[in-house]
Amino acid sequence: MKLFNTLTRQKEEFIPQGDTVKMYVCGVTPYDECHLGHAMSYIIFDVLRRYLEFRGFRVSYVQNFTDIDDKIIARAQKMGISTTELTERFINQYFADMDALNINRVDIYPKASEEIPDMLKVIQGLVDKGYAYASKDGVYFRVNSDPDYGKLSHRSLADLIPSTEGGSEKEHQLDFALWKAAKEGEPCWGSPWGKGRPGWHIECSTMALKYLGESLDIHGGGQDLIFPHHENEIAQSECFSGVVPFAKYWLHNGLLHWGEEKLSKSSGNLITIKQALGRFSADAIRLFVLSSHYRSPLTFSEQALEAMERGVERLRQAAWGGGGNGVELVEVVPFQRRFIEAMEDDLNTPQAIAALFDLAREINRARDEGFMVDQAQQMLLGLANILGLRLGEEEAHLEAEPFIELLISVRNELRRNKQFQLADKIRTALGQLNIALEDASQGTRWKYRK
RNA sequence: GGCGGCGUAGCCAAGAGGUUAAGGCGGGGGUCUGCAAAACCCCUAUUCAGCGGUUCGAAUCCGCUCGCCGCCUCCA
């Protein structure tokens, strides 16, 4: 398959370096709830992982938690709780969100706070080799010592000179902290350079090296991480290990926008995953994310999500319910081929989805004509599953289910007696309670709608 | 200032030199049905921001113009 590599700015044939695809995606800083932008990124990399596994690759997938950081310290102080209490809470919420979105768990979720000794080893190594130096307020990476610095973001140090002055303790303005000296009242760890805590970038380098080795196959994240985070990760990792490349393929997803307004945590226009799941199904959210190419920006809108919900409903309709007794008519292979070809081309999920919709139409058509559709439905479910779409009939088993069934049977009795007014009244009333009835030739179906 | 991206139907969104410009949502018409819903069928871009150029041939390549956006600072 072909993947667009940020490092080379072109699509490249994906060839893993060993038997197992080593994949690392930057995780969250758990100081608040995750929003739909996070969902977008993790859905995309979940689909990549699912697709690689579908193609027969073994994948070892690591994702970190940055559970020690300025924002965490500030938030915990504000809330009057410990940083661990805070991060545990949001890590739990993170897992709940991911599970609800049908994002498969990755293999290892290291936490920065539990990897300090390994980080110190990396920092020490960089200092020993002259790539880093201790200063008054911590240890810094010396960007001038790395001739490759800027290769991911395609910038030279000259391009990058910031307009504002700052960081007087640094040799170069772009030198970045590997270790930050502790301030009063902050969580800290002992180190050869005094009490302190790790800088942001060092954790990813350390964890990737530790859990996946010196050269990853895939390193992913949002486009906002290209500079400085990933650039700095490369610098640290390659200077420390001497192994190039630190990651063979760098993949970055486009960012989620919010209509006219820019995504901003301060303006409060974020929609959390939890809120979104209260209004839309996980399938609709996934379809929304995957309906545009992963490298393009995507703009959130209620309208778009509602459209996706209807689309998903059509796929579900096709995937379930028996066909006729005739032979199996739908030729599934061409649809599968189209799906795979699309995915092979830098994960072209919009085209893959188009194949799914076309297959759904074929299933419905064949079924209308009385043909058997079991295999086609299996194919639809199987391909949808690569995108993480469950297409399940609404899982929510309602307490009221027996009563709904009862009302339906009463109503059908009324219909048989041509008491349509009363029958319609039941249907309308149930509709107001979000229970939709559909009278088909095989019987009456009902669905719960959010 | 530096680097990069985008502009395709009412809306969302693929396509990146050559068969009818995917697919979804919406809209219009029809079939089925007691009605409704669902489903299916037909229609809904002679044209891809604009203007030039390259080419036998361009939405796709090149140049310019207009409009929008991201990154260079914390961020998936």
Side-chain angles (χ1 to χ4, degrees), chain A residues 6 9 25-29 31-32 34-45 63 66 69-71 74 150 153-156 158-164 166 174 200 220-229 231 252-257 260 262-266 270 287-288 290-293 295-299 301 303-318 321 338 342 345 348-358 360-369 415-416 418-421 423-424 427-428 431 436-441 444-447:
Chain A
T6 306
R9 284 182 174 165
V25 174
C26 289
V28 295
T29 302
Y31 73 103
D32 205 343
C34 291
H35 53 73
L36 275 181
H38 297 111
M40 178 175 174
S41 192
Y42 299 122
I43 287 169
I44 286 162
F45 288 106
Q63 192 179 104
T66 305
D69 149 283
D70 293 347
K71 292 188 292 285
S153 52
H154 302 275
R155 286 160 199 185
S156 66
D159 293 338
L160 284 165
I161 289 176
S163 48
T164 50
L174 288 161
W200 174 34
Q223 275 169 358
D224 51 348
L225 296 180
I226 296 173
F227 190 90
H229 185 53
E231 194 69 70
H252 293 98
N253 61 274
L255 302 183
L256 189 66
H257 293 219
E260 296 301 300
K262 193 193 159 191
L263 159 67
S264 147
K265 292 185 179 180
S266 51
L270 299 188
L287 196 66
F288 171 64
L290 300 172
S291 67
S292 91
H293 187 84
R295 282 189 284 113
S296 306
L298 182 61
T299 302
S301 82
Q303 216 181 359
L305 263 298
E306 278 159 15
M308 294 305 153
E309 199 71 76
R310 286 179 215 114
V312 152
E313 189 54 42
R314 226 177 100 224
L315 294 177
R316 282 194 194 116
Q317 204 79 35
R338 263 176 68 195
D345 183 16
N348 192 332
T349 53
Q351 283 198 330
I353 289 168
L356 252 40
F357 275 101
D358 285 342
R361 172 174 290 111
E362 283 306 303
I363 289 171
N364 287 327
R365 198 194 331 227
R367 182 158 51 190
D368 281 358
E369 289 167 11
R415 289 175 66 218
R416 270 191 291 279
K418 305 223 182 287
Q419 303 208 36
F420 295 121
Q421 273 200 340
D424 289 351
R427 183 172 61 196
T428 309
L437 299 192
E438 290 172 14
D439 299 319
S441 53
T444 300
R445 272 196 303 249
W446 68 273
K447 287 180 209 168

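The sequence lines fix the lettering, A, B, ..., with proteins before strands; numbering per chain opens at 1. FYI, side chains are in, hydrogens and waters are out, and symmetry mates aren't considered; it's all heavy atoms of this structure. Just so it is clear, the model here is predicted, and its values are computed rather than measured.
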Quiz prompt | Length of the line joining A/Asp224:CG and B/G4:C1', which is rounded to integer Å | solution = 14 Å

Quiz item: On a whole-Å scale, what distance lies between the P atoms belonging to B/C61 and B/G23?
Solution: 23 Å

Quiz prompt | Pair partner, B/A45 [Watson-Crick or wobble, under 3.5 Å] | solution = none

Quiz item: Taking atom P of B/U73 as reference, at what distance in whole Å does atom CG of A/Leu174 sit?
Solution: 7 Å

Exercise. Would you mind classifying the nucleic acid contact of A/His293 as base, sugar-phosphate or nothing, using non-hydrogen atoms under 4.0 angstrom?
Key: sugar-phosphate

Quiz item: With the threshold set at 4.0 Å, does a side-chain nitrogen-carboxylate oxygen contact exist between A/Asp368 and A/Arg365?
Solution: no

Quiz prompt | Whole-angstrom distance between B/C51 and B/A13, as gauged at atom C1' | solution = 27 Å

Exercise. Determine if A/Phe420 stacks with B/G34; use a centre-to-centre distance below 5.5 Å and an interplanar angle below 30° as the criteria.
Key: yes

Quiz item: Heavy atoms under 4.0 Å, any strand shown: does A/Asp70 hit a base, just sugar-phosphate, or nothing?
Solution: nothing

Quiz item: Hey, is the side chain of A/Asp424 pairing donor to acceptor with the base of B/G34 inside 3.5 Å?
Solution: yes

Self-check item: Nearest-Å distance once atom P is located in both B/A22 and B/C56
Solution: 28 Å

Quiz item: What interatomic distance, in whole Å, is found between C1' of B/G24 and the corresponding atom of B/A14?
Solution: 11 Å

Quiz prompt | A/Asp69 or A/Asp345, whichever maps to the more 5' nucleotide of RNA chain B | solution = A/Asp345

Exercise. Could you check which nucleotide pairs with B/A39 in any of the strands shown, counting Watson-Crick or G-U wobble with both distances under 3.5 Å?
Key: B/U31

Quiz item: Do A/Ile43 and A/Phe288 touch side chain to side chain, with heavy atoms closer than 4.5 Å?
Solution: no

Practice problem: Would you kindly give the CG-to-P distance between A/Leu356 and B/A22, to the nearest whole Å? | Solution: 19 Å

Quiz prompt | Heavy-atom side-chain contact between A/Gln63 and A/Phe45 under 4.5 Å | solution = no

Quiz item: Is A/Gly221 touching bases, backbone alone, or none of the nucleic acid, heavy atoms closer than 4.0 Å?
Solution: sugar-phosphate

Quiz item: How far, in whole Å, is B/A59 from B/G7 if one measures between their C1' atoms?
Solution: 12 Å

Self-check item: Separation of atom CG in A/Leu437 from atom C1' in B/A39, rounded to whole Å
Solution: 17 Å

Quiz prompt | Integer-rounded Å distance: B/C12 C1' and A/Leu305 CG | solution = 12 Å

Exercise. Identify whether the distance between the nearest side-chain nitrogen and carboxylate oxygen of A/Glu313 and A/Arg310 falls below 4.0 Å.
Key: no

Quiz prompt | A/Arg9 vs B/G4: side-chain N/O to OP1/OP2 distance below 4.0 Å | solution = yes

Quiz item: Does A/Glu231 reach the main-chain N or O of A/Ser153 with its side chain, forming a donor-acceptor pair under 3.5 Å?
Solution: yes

Exercise. Search all heavy atoms of A/Thr6 against all heavy atoms of A/His154 and return the closest pair with its distance.
Key: O-NE2, 3.0 Å

Exercise. Write down the distance separating the C1' atoms in B/G70 and B/A76, rounded off to the nearest Å.
Key: 15 Å

Practice problem: Take A/Gln303 and A/Glu313, find for each the nucleotide of RNA chain B with the closest heavy atom, and name the residue whose nucleotide sits nearer the 5' end. | Solution: A/Gln303

Practice problem: Can you tell me the pairing partner of B/A21 across any strand shown, Watson-Crick or G-U wobble, with both distances under 3.5 angstrom? | Solution: none

Quiz item: If pairing requires Watson-Crick or G-U wobble contacts with both distances under 3.5 Å, which nucleotide is the partner of B/G57?
Solution: none

Quiz item: B/C42 and B/U8: how far apart are their C1' atoms, nearest whole angstrom?
Solution: 24 Å

Quiz item: Is any side-chain N or O of A/Arg365 closer than 4.0 Å to OP1 or OP2 of B/C41?
Solution: yes

Exercise. State whether the distance check finds a donor on one side and an acceptor on the other, under 3.5 Å, for side chain A/Arg310 versus base B/G26.
Key: no

Quiz item: Taking OP1 and OP2 of B/G15, is either one under 4.0 Å from a side-chain nitrogen or oxygen of A/Asn348?
Solution: yes

Quiz item: Which nucleotide, in any strand shown, forms a Watson-Crick or G-U wobble pair with B/C66, with both distances under 3.5 Å?
Solution: B/G7

Practice problem: For B/C71, give its Watson-Crick or G-U wobble partner with both distances under 3.5 Å, or none. | Solution: B/G2

Quiz item: Does A/Arg427 make a side-chain donor-acceptor contact with the base of B/C35, cut-off 3.5 Å?
Solution: yes

Exercise. Looking at every strand, decide which applies to A/Ala354 at a 4.0 Å heavy-atom threshold: base, sugar-phosphate, or nothing.
Key: base

Self-check item: A/Arg361 vs B/C41: side-chain N/O to OP1/OP2 distance below 4.0 Å
Solution: yes

Self-check item: Distance between C1' atoms of B/U20 and B/U65 (Å, rounded)
Solution: 34 Å

Exercise. Take the protein atom CG of A/Asp439 and the nucleotide atom P of B/A36, then report the distance between them rounded to whole Å.
Key: 12 Å

Quiz item: Roughly how many Å is it from CD in A/Glu438 to C1' in B/G34, rounded to a whole number?
Solution: 17 Å

Quiz item: CD of A/Glu438: more than 12 outside heavy atoms within 6.0 angstrom?
Solution: yes

Quiz item: Would you say B/A14 has OP1 or OP2 under 4.0 Å from some side-chain N or O of A/Ser296?
Solution: yes

Quiz item: Just to confirm, is there a sub-4.0 Å distance from OP1 or OP2 of B/C40 to any side-chain nitrogen or oxygen of A/Arg314?
Solution: yes

Self-check item: Separation of B/C74 C1' from A/Ile226 CD1 (nearest whole Å)
Solution: 16 Å

Quiz item: Going by the angle between their ring planes, with limits at 30° and 60°, are A/His38 and A/His35 parallel, tilted or perpendicular?
Solution: tilted

